[in-house]
Every structure is written in C-alpha cells, then in structure tokens.
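Some notes on the structure that comes next.
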Amino acid sequence: MYKKALLISFFVLLIDQFVKIYIKTNYILDEEYAVAGNWFILHFTENNGMAFGLELQGSWGKLILTTFRIVAISALVYYLYYLCKTKAHKWYIYSIALVFAGALGNIIDSVFYGVIFNDSYQQVASFMPAEGGYSSLMFGKVVDMLYFPIIHGQFPAWFPIWGGENFEFFSPIFNIADFAISCGVGIMILNNRKFFDEEKKIPDAKESEEVKIKE
C-alpha cells in the first residue's frame, strides 16, 4: 500500500510540474492556446495563493499561506504513513495521496519558482536566469493554465441579483495540482460513510470474538 500511494503521489507531482514548467518556459503571461475549441483552453496565469486563484492579500498573507502549506504537508505525510500502517481503506489512502501530491505541487511553486524563474511579463521566462529570479524564496507564484469556459450566456433580466449580467461556466483557471486535490476531496466526500463504516467493523468483530471466548 505504501508503494501504490507513493506512486500515485509521484506521478501526479511529475505531471503537474512538467506542465507548469512547460507553460512557464513557453508562454507569456495571459497567453492562451485553444486545445479544444472554446471550451478547453490553455491560459497561462499566476496567482499568489490557493486553489483556483484564491489568495490572501499582501506579503504577510503570502508568507502565512506558504508556511501553512508546509505544515499541512508535514501532517499529511504522517497521516498517510499512519493510514498505510493501520491498513485503512485503499481508496481513502489513494484520496489522501492525491491531496498530498496536489498540495506539494503548489508548495514547490510557492517556495522555489520565484528563485528559479524570471517573470513572465511580456516575455517567456527562462530557467535559472543569470540576473536571478523574479522573487525570493517562499514568495513564488503558483502557475495555472487549465481553463474550461464551457458555457457562455446571459442571465435573463428577471433573474435575482445577476439579472442581465453575463455568466461563464467554468470560469476559474487551475492546474493539475488543484485538480488532484479536488479529486481527492471528492472521493472522500462520496465515500465517507463507506470508508469510516469499515473502520468501525474491525473493533466490533474483535469484541464479538471476545464475547464468544467468555461464553
């Protein structure tokens, strides 16, 4: 189980970083490429914060977020080890492995990208530029590129609050790491009862055996 969990994390992290480095070293900021018409677009953008472009404002917000991510990753490593050791449900372990890989993928951007790349404003960034990176350690930006503006439209005039305004589904721009985190959390939500009911059956079985022995 350890090996499978590590392989899942490794391959997710490998794909995530490969795509990010490719985008960072081949695209100018806000440049885009239509992969499948107008509903799947590679759109290069960067953000200072959390998944799907959310962020905490200011330098302190960025530092707090990156530090929190590192602490969370450390906790996830221990938790993943604990789950494997106690032989938890395999899909629960896989879901935690996905969350771990996604979190680590975005941490790598936040911690190192500001040092190893120059900025992407009106230029394609280069790896390890002679003049140094665009920021310092812990203050890198997360690279996003996956954009699925599947549906475009306009709310009817009678619609509450947003009447007459344009809408777009799905508007957030994200990356492979964000997707892995969402998949991991989704698996846990959909199978929550199954995962934890099976854990409860183990002590119940032991208790029944003890009762039989006493009888």
Side-chain angles (χ1 to χ4, degrees), residues 5-27 29-36 38-57 61-77 79-80 91-114 116-117 120 125 134-135 138-151 167-192:
L6 287 174
L7 280 174
I8 289 171
S9 297
F10 173 76
F11 281 115
V12 169
L13 187 61
L14 183 67
I15 295 169
D16 175 65
Q17 289 301 307
F18 175 82
V19 174
K20 286 175 176 175
I21 292 171
Y22 172 78
I23 293 294
K24 183 69 178 172
T25 56
N26 286 274
Y27 283 65
L29 196 64
D30 289 327
E31 183 179 355
E32 61 182 37
Y33 172 76
V35 178
N38 292 321
W39 66 271
F40 176 25
I41 298 170
L42 288 177
H43 182 106
F44 175 31
T45 186
E46 295 178 312
N47 72 80
N48 287 316
M50 298 170 280
F52 303 109
L54 300 174
E55 63 179 82
L56 297 176
Q57 297 297 322
K62 173 65 176 176
L63 184 60
I64 290 170
L65 181 60
T66 302
T67 304
F68 172 78
R69 280 175 169 165
I70 293 171
V71 172
I73 276 290
S74 302
L76 277 175
V77 169
Y79 188 51
L80 195 55
W91 280 103
Y92 185 51
I93 293 174
Y94 298 159
S95 64
I96 295 297
L98 286 171
V99 173
F100 166 73
L104 182 57
N106 284 335
I107 280 178
I108 290 173
D109 297 28
S110 296
V111 175
F112 300 110
Y113 273 30
I116 64 175
F117 293 110
S120 299
Y134 65 82
S135 187
M138 300 279 283
F139 286 91
K141 295 180 180 179
V142 177
V143 175
D144 291 326
M145 77 297 293
L146 302 177
Y147 181 35
F148 293 89
I150 300 172
I151 301 173
F167 73 86
E168 180 179 273
F169 179 87
F170 180 72
S171 59
I173 302 172
F174 57 102
N175 56 43
I176 302 295
D178 297 333
F179 181 68
I181 293 171
S182 298
C183 286
V185 172
I187 292 171
M188 284 188 279
I189 292 173
L190 293 175
N191 297 278
N192 180 63

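Just so we're clear, the structure is a prediction, and the values are computed from it rather than from any experiment.
- Taking both residues in full, the closest heavy atoms of I181 and A103 are given as CD1-N, 3.7 Å, listed atom of the first, atom of the second, then distance.
- Between K20 and V142, the shortest heavy-atom distance links the atoms NZ-CG1, 4.5 Å.
- Taking the six-membered ring where the residue is Trp, F18 and Y22 present parallel rings, their angle staying beneath 30° rather than reaching 60°.
- For Y113, the ring-ring contact (aromatic ring centres under 6.0 Å, His included) partners two or more places apart in sequence, or in a different chain, are F117.
- Listed for the S9 side chain is a donor-acceptor partner under 3.5 Å among the backbone atoms of A97.
- The minimum heavy-atom distance between Y94 and I8, with the atom names listed, is CD2-CD1, 3.4 Å.
- Counting heavy atoms from C-beta outward, F100 and V77 have side chains that approach closer than 4.5 Å.
- To the nearest 0.5 Å, atom CD1 of residue I116 and atom CG of residue D109 are 8.5 Å apart.
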Report the C-alpha separation of D178 and D144 in whole Å, then their side-chain angles, then the decisive distance to 0.1 Å, and conclude whether the side chain to side chain contact (heavy atoms under 4.5 Å, CB included) test is met.
CA-CA 9 Å; D178 297 333; D144 291 326; 3.6 Å; yes
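- Here F10 contributes atom CZ and I15 contributes atom CD1; the two are 10.0 Å apart, rounded to the nearest 0.5 Å.
- Checked against T45 for a side-chain contact (heavy atoms from CB on, under 4.5 Å), the options I23, I173, N175 give a single hit: I173.
- Shown here for L42 and L146, the closest heavy-atom pair between the two residues is CD2-CD2, 4.0 Å.
- A heavy-atom distance below 4.5 Å is not found between the side chains of W91 and S95.
- The CE atom of M188 lies 4.0 Å from the CD1 atom of I96; values are rounded to the nearest 0.5 Å.
- Rounding to the nearest 0.5 angstrom, the gap separating the OH atom in Y33 from the CZ atom in F40 is 10.5 Å.
- Within the model, atoms OG of S171 and OH of Y147 stand 7.0 Å from one another, a figure rounded to the nearest 0.5 Å.
- Formation of a donor-acceptor pair under 3.5 Å by the D16 side chain with backbone atoms of V12 is not found in this model.
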Between K24 and F44, is the side chain to side chain contact (heavy atoms under 4.5 Å, CB included) condition met? List the steps.
CA-CA 8 Å; K24 183 69 178 172; F44 175 31; 3.9 Å; yes
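- Side-chain atoms of Y134 do not come within 3.5 Å of backbone N or O of A125 as any donor-acceptor pair.
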Take V143 and Q17 through the side chain to side chain contact (heavy atoms under 4.5 Å, CB included) test and state the conclusion after the steps.
CA-CA 9 Å; V143 175; Q17 289 301 307; over 6 Å; no
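- Rounding to the nearest 0.5 Å gives a distance of 5.0 Å between CD1 of I73 and CG of L104.
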Intermediate values then yes/no, side chain to side chain contact (heavy atoms under 4.5 Å, CB included), I108 and L13:
CA-CA 10 Å; I108 290 173; L13 187 61; 3.8 Å; yes
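- Considering every non-hydrogen atom in both P149 and I41, the closest pair reads CG-CD1, 4.0 Å.
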